[in-house]
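The structure appears right after this line, and notes come after that.
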Amino acid sequence: MYAKPDSTPMKSRIARAGDAMDAALKSLSYQGDGQGFDGNGINGQGLNGMRNDNRPADDGRSVEIAPEPASATRVPDGIETGRPSRAEAEAAVRTLLRWAGDDPTREGLRDTPARVTKAYEQLFGGYGVNAEALLERVFEEVEGYSDIVLVRDIPFHSHCEHHMVPFMGLAHIAYYPTKGVVGLSKLARVVDTFARRLQTQETMTAQIADVIESILKPRGVAVMVEAEHLCMAMRGVQKAGVSTITSQFRGVFKDDANEQVRFLTLVRGGAK
């Protein structure tokens with residue numbers, strides 16, 4: 001047996017359903033909380049005052065914008081704030097050793113937590129170095145020299161911030177001086193400063209160019225970094241011997257393709 005079809009017009013049925021829903025909602029009891037909510041709905045406006053669209057509320061309140069995370073500066077200003085003690089760091093290493101499946105109390109691993117902690121102080125020592133300060137001393141007595149200065153084949157080793165596995169290679173830096181030149185060793189120290197932090201190669205390349213451009217104010221800066229990433233060689237696709245190249249061109253190097261060609265030619269040995 002089939003139920004008799006409802007002959008009520010569609011519009012009437014929709015209106016009736018809407019009335020029933022409204023009645024059900026009005027039967028709900030909202031307890032006052034001292035913040036503008038009462039038993040009739042929100043802010044004393046009843047259910048009709050409830051928003052049901054996506055328009056931004058226009059209540060005169062300012063929207064609080066979250067501050068830029070400290071990590072955006074790559075070297076958090078409060079690096080010492082809440083920093084774990086050496087004992088806590090060593091305990092963390094013991095935890096990792098146990099998680100890896102070994103016994104941190106056996107003879108070969110007994111002193112490993114202390115060794116790892118000491119090694120980290122050196123491997124990540126770049127967090128405690130101000131790269132800008134390294135370039136503050138400029139030698140102006142260069143007999144008017146204003147041509148390209150290139151330091152190539154600067155070796156470095158860093159650690160991938162994604163897996164904390166090493167990547168290493170060579171950095172090449174060139175700039176056109178304006179007010180003078182900087183000690184050549186300082187450029188190598190700038191590379192080391194940024195390399196001895198958890199990094200991506202792309203970020204490190206940009207940071208080197210940024211600090212040179214900011215402090216020396218040269219007519220142009222060119223930076224190229226070539227590296228092999230062990231996170232690609234030892235894990236994942238496990239492709240050893242793959243080289244990654246990143247570059248940054250600023251000033252005349254960015255504006256003049258011929259300057260880029262000159263830089264690349266010198267880096268590849270054209271000056272020999």
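By convention here, the first residue in the shown sequence is residue 1.
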Assess whether side chain to side chain contact (heavy atoms under 4.5 Å, CB included) is satisfied between Leu184 and Val149, documenting all intermediate values.
CA-CA 9 Å; Leu184 300 179; Val149 176; 4.1 Å; yes
Closest non-hydrogen atom pair between Ala174 and Leu150, with its separation:
CB-CD1, 3.7 Å
With rounding to the nearest 0.5 Å, note down the distance linking OG in Ser85 to CD in Glu90.
8.5 Å
Between the NE2 atom in His162 and the CG atom in Leu198, the distance rounded to the nearest 0.5 Å is 10.0 Å
Nearest 0.5 Å please: distance from the CG atom of Leu216 over to the NZ atom of Lys186.
12.0 Å
In this structure, CG of Asn130 is separated from CD of Glu136 (nearest 0.5 Å) by 7.0 Å
State plainly whether one hydrophobic cluster holds both Ile245 and Val261, where clusters connect Ile, Leu, Val, Met, Phe, Trp and Tyr through side-chain heavy atoms under 4.5 angstrom apart.
no
Which heavy atom in Pro177 sits nearest to a heavy atom in Asp147, and how many Å separate them?
CD-O, 3.1 Å
Kindly give the heavy-atom pair with the smallest separation between Ala233 and Ala240, and that separation in Å.
CB-CA, 3.8 Å
Test: Asp102 and Arg98 ion pair at under 4.0 Å
no
Other residues, nucleotides, ligands: >12 heavy atoms within 6.0 Å of Arg189 CZ
no
For Arg268, is there an ion pair with Glu226 - N to carboxylate O distance below 4.0 angstrom?
yes
Give the minimum heavy-atom separation between Val190 and Ala131, together with the two atoms involved.
CG2-O, 4.2 Å
Can you tell me how far apart NE2 (His229) and SG (Cys160) are? Round to the nearest 0.5 Å.
7.5 Å
Side-chain heavy-atom pair Leu187, Tyr175 within 4.5 angstrom cut-off:
yes
Pairs involving residues 237-251, ordered by first then second residue, that meet salt bridge (Lys or Arg N to Asp or Glu O under 4.0 Å) (sequence neighbours left out):
Asp210-Arg250, Glu213-Arg250
Judged by atom type as modelled, is there a donor-acceptor pair below 3.5 Å linking the side chain of Gln199 to the main-chain atoms of Phe194?
yes
So, the side chain of Thr200 versus the backbone of Glu161: is there a donor-acceptor pair under 3.5 Å, distance only?
no
Approximate separation, where rounding is to 0.5 Å, of Tyr176 OH and Phe263 CZ
11.0 Å
Where do Val225 and Val223 land on the side chain to side chain contact (heavy atoms under 4.5 Å, CB included) test, with the steps shown first?
CA-CA 7 Å; Val225 176; Val223 178; 4.2 Å; yes
Close side-chain approach of Asp153 and His172, heavy atoms under 4.5 Å
yes
Return yes if some donor-acceptor pair links the side-chain N/O of Arg152 with the main-chain N/O of Ile173 below 3.5 Å, else return no.
no
Heavy-atom side-chain contact between Gln248 and Ile208 under 4.5 Å:
no
Could you name each residue pair satisfying ring pair (Phe, Tyr, Trp, His ring centres under 6.0 Å) that touches residues 82-118, not counting sequence neighbours?
none
Does Met224 offer a backbone N or O that forms a donor-acceptor pair with the side chain of Ser247 under 3.5 Å?
no
Walk me through it: do Arg196 and Gln122 pass the test side chain to side chain contact (heavy atoms under 4.5 Å, CB included)?
CA-CA 8 Å; Arg196 292 178 184 274; Gln122 183 176 11; 3.8 Å; yes
Donor-acceptor contact below 3.5 Å, side chain Glu228 vs main chain Ser243:
no
Any link between Val129 and Val191 through a network of hydrophobic side chains (Ile, Leu, Val, Met, Phe, Trp, Tyr) touching at under 4.5 Å?
yes
List, by chain and number, the other hydrophobic cluster members for Met234, where Ile, Leu, Val, Met, Phe, Trp and Tyr join if side-chain heavy atoms come within less than 4.5 Å, directly or indirectly.
Val165, Met168, Leu230
Is there a path of hydrophobic side-chain contacts, each under 4.5 Å between heavy atoms, that joins Leu97 and Tyr120?
yes
Measure the shortest side-chain to side-chain distance between Phe253 and Arg262 over non-hydrogen atoms and say whether it is less than 4.5 angstrom.
no
Neighbour count above 12 (heavy atom, 6.0 Å) for Arg106 CZ
yes
Student check: side-chain heavy atoms of Phe156 and Met204 closer than 4.5 Å:
yes
Shortest non-hydrogen separation from Leu109 to Pro113 and the atoms involved:
O-CD, 3.4 Å
Tell me, with the steps shown, if Val211 and Leu135 meet side chain to side chain contact (heavy atoms under 4.5 Å, CB included).
CA-CA 8 Å; Val211 72; Leu135 300 176; 4.2 Å; yes
Note, Met232 side chain near Gln238 side chain (heavy atom, < 4.5 Å)
no
Do Phe249 and Leu266 sit in the same hydrophobic cluster, where Ile, Leu, Val, Met, Phe, Trp and Tyr count as joined when their side-chain heavy atoms come under 4.5 Å apart?
yes
Taking Asp256 first and then Arg219, would you say they form a salt bridge - that is, a charged N and a carboxylate O separated by under 4.0 Å?
no
Is there a side-chain contact between Phe139 and Val182, using heavy atoms and a 4.5 Å cut-off?
no
Compare all side-chain heavy atoms of Phe124 with those of His159 and state whether any distance is below 4.5 angstrom.
yes
Donor-acceptor side-chain pairing of Gln201 and Thr246 below 3.5 angstrom
yes
